[in-house]
Amino acid sequence: MNAKLFSAESAGHHVLVRRFTPWSRLTHAVLALSVYGLVFTGMPLKFAGAFWAAPLLKLWGGPRGAGIAHRFFAVMLFGAGAMHLGAVLLAAARKELPPLFGPDSLLPRPEDLRQFLQYLRHLLGRDLRPAFDRYTYWEKFDYFAVFWGLVIIGSSGLVMWFPETVTRFLPGWVVNAALVIHSDEALLAAGFLFAIHFFNTHLRPGAFPLDPVIFSGFVPLEELREERPGWYRRLLSSGQLARISAPARSPVPLPALLAGIFFLSLGLVMLALIMWAAIAEVLRYLGALL
């Protein structure tokens with residue numbers, strides 16, 4: 001079967017390898033939409049004095065409308081977390097979870113630290129590129145960053161959403177602390193998403209201008225061999241490559257490509273607006289001191 005796939009590839013057909021299931025892609029879509037909604041409703045409230053805040057708030061029907069939409073997207077964010085947790089629990093019940101510290105797991109391993117250091121040497125021209133497996137160290141970091149944000153941003157947001165209930169059990173200053181934590185952590189998350197995550201996923205050499213795998217679920221075989229040789233060799237030696245591969249004429253569905261470019265551009269625009277507003281606030285603060 002592997003021979004058939006390689007024959008199809010040599011005949012000019014794109015051989016695709018499935019990397020993400022439809023449920024994983026749907027979960028990511030819900031997560032992405034919720035995060036975009038939270039950023040585009042929360043940031044104009046945080047930087048209300050910025051030139052772009054008022055027009056953006058007007059799209060949501062004013063500050064009150066933005067607040068209502070913000071809560072809606074917050075529920076969607078928790079829903080994405082529930083979707084992922086449900087998939088993990090179902091896989092565990094079916095005994096389909098990979099070994100916790102195996103190469104198919106998203107949990108960090110000592111190998112990730114070794115590859116991180118090797119990749120730094122590679123960027124300096126002192127070593128070969130690491131033979132990355134199914135998940136790279138930066139993908140694992142991104143994965144756990146979502147949980148960190150969900151816990152910290154989500155819990156602080158719930159405190160502000162239900163202050164009367166919270167202050168029955170905790171002192172009132174907790175609400176003020178939650179506002180600071182929620183606002184600053186959300187700013188950090190947005191900056192990381194639209195800068196670091198976008199670069200690692202889409203803007204890095206080899207993927208620019210867009211890596212469509214999370215939209216299509218498939219990665220071209222030639223890209224798999226080059227970008228993740230460790231996973232490729234494991235799939236080839238175990239005979240699993242044929243089971244998750246198929247010949248196809250187009251590796252990138254047009255709707256996925258257009259949607260990806262649109263949201264990528266939207267995120268970069270918001271990053272620029274946030275940086276503009278943040279720098280302006282710092283300059284105003286320094287001006288007041290001087």
Side-chain angles (χ1 to χ4, degrees), residues 1-3 5-6 15-32 80-123 127-151 192-193 196-197 199-202 204 206-207 211-246 251:
M1 185 65 179
N2 285 337
L5 291 174
F6 298 146
V15 176
L16 305 179
V17 180
R18 187 181 72 246
R19 187 160 183 238
F20 297 112
T21 66
W23 184 258
S24 296
R25 284 148 46 205
L26 178 61
T27 302
H28 181 271
V30 174
L31 174 66
M83 290 173 67
H84 179 65
L85 180 60
V88 171
L89 293 177
L90 181 60
R94 293 177 174 176
K95 298 182 178 180
E96 296 175 351
L97 280 181
L100 287 181
F101 294 99
D104 290 311
S105 172
L106 278 162
L107 291 177
R109 302 188 299 156
E111 180 73 6
D112 296 313
L113 178 59
R114 186 193 67 79
Q115 291 188 342
F116 168 71
L117 297 175
Q118 182 181 349
Y119 197 49
L120 290 180
R121 294 193 300 269
H122 168 70
L123 294 176
D127 206 339
L128 297 176
R129 189 176 189 274
F132 291 120
D133 210 285
R134 185 172 184 178
Y135 302 109
T136 63
Y137 63 83
W138 64 79
E139 289 171 332
K140 294 182 180 182
F141 183 88
D142 288 355
Y143 175 77
F144 283 100
V146 174
F147 286 100
W148 171 261
L150 186 62
V151 172
F192 177 85
L193 171 66
I196 307 301
H197 176 69
F199 176 82
N200 285 338
T201 305
H202 302 294
R204 60 185 170 83
D211 187 346
V213 63
I214 196 60
F215 305 102
S216 66
F218 291 86
V219 58
L221 180 61
E222 62 271 19
E223 180 181 326
L224 177 66
R225 280 198 298 256
E226 180 179 349
E227 297 288 332
R228 305 173 192 275
W231 190 31
Y232 170 76
R233 289 195 292 265
R234 284 198 304 110
L235 291 174
L236 194 63
S237 62
S238 64
Q240 295 179 357
L241 183 62
R243 295 208 310 268
I244 62 173
S245 303

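For clarity, every value in this text was computed on a predicted model and none was experimentally measured.
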(Q) Can you tell me which residue among R121, R114, Q115 is in a side chain to side chain donor-acceptor pair (under 3.5 Å) with Q118? (A) R114
Gap between atom [atom2] of [Y] and atom [atom1] of [X] - 0.5 Å precision:
X    : Y    : atom1 : atom2 : answer
L85  : L90  : CG    : CG    : 11.0 Å
F116 : L113 : CZ    : CG    : 8.0 Å
L100 : L106 : CG    : CG    : 11.5 Å
L97  : L89  : CG    : CG    : 8.5 Å
D133 : L235 : CG    : CG    : 8.5 Å

Q) How far apart are the C-alpha atoms of R204 and E139, what are their side-chain angles, what is the distance that settles it, and do they pass the salt bridge (Lys or Arg N to Asp or Glu O under 4.0 Å) test? A) CA-CA 13 Å; R204 60 185 170 83; E139 289 171 332; 5.8 Å; no
Nearest heavy-atom pair of [X] and [Y]: which atoms, and what distance?
X    : Y    : value
H84  : F147 : CD2-CZ, 3.7 Å
A80  : V30  : CB-CG1, 3.9 Å
P220 : L16  : CA-CD2, 4.0 Å
V15  : S245 : CG1-CB, 4.4 Å
R25  : I214 : CG-O, 3.0 Å
R18  : R243 : NH1-O, 4.4 Å

Q | D142 side chain to H197 side chain, donor-acceptor N/O pair below 3.5 angstrom | A | yes
Q | S24 side chain to T27 side chain, donor-acceptor N/O pair below 3.5 angstrom | A |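 Per modelled atom types, S24 and T27 side chains form no pair under 3.5 Å.
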Taking [Y]'s backbone N and O only, do any of them form a donor-acceptor pair with [X]'s side chain (distance below 3.5 Å, no angle check)?
X    : Y    : value
R19  : R134 : yes
S237 : R234 : yes
K140 : L107 : yes
R129 : E227 : yes

Q | V88 vs M83 side-chain heavy atoms within contact, under 4.5 Å | A | no
Q) Looking at side-chain heavy atoms only, is the closest gap between V17 and F218 below 4.5 Å? A)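 No, their side chains stay 4.5 Å or more apart.
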Q: Apply the test side chain to side chain contact (heavy atoms under 4.5 Å, CB included) to residues W231 and L224: give CA-CA distance (whole Å), side-chain angles for both, the deciding distance (0.1 Å), then the verdict.
A: CA-CA 8 Å; W231 190 31; L224 177 66; 3.2 Å; yes
Q) Passes side chain to side chain contact (heavy atoms under 4.5 Å, CB included), T136 versus F141? Steps please. A) CA-CA 9 Å; T136 63; F141 183 88; over 6 Å; no
**Q.** F132: ring pair (Phe, Tyr, Trp, His ring centres under 6.0 Å) partners, not counting sequence neighbours
**A.**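 With sequence neighbours excluded, F132 shows a ring pair (Phe, Tyr, Trp, His ring centres under 6.0 Å) to Y119, W138, given in chain and number order.
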Q | Pairing residues for F144 by the ring pair (Phe, Tyr, Trp, His ring centres under 6.0 Å) criterion, not counting sequence neighbours | A | none
Q.
For L241 and L221: C-alpha separation, side-chain torsions, deciding distance, then whether side chain to side chain contact (heavy atoms under 4.5 Å, CB included) applies.
A. CA-CA 10 Å; L241 183 62; L221 180 61; 4.1 Å; yes
Q. Is the F215 ring parallel, tilted or perpendicular to the H28 ring (thresholds 30°, 60°)?
A.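 The arrangement is perpendicular - the two ring planes meet at more than 60°.
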Q. Does the side chain to side chain contact (heavy atoms under 4.5 Å, CB included) test come out yes or no for L236 and R233, once each step is laid out?
A. CA-CA 5 Å; L236 194 63; R233 289 195 292 265; 5.7 Å; no
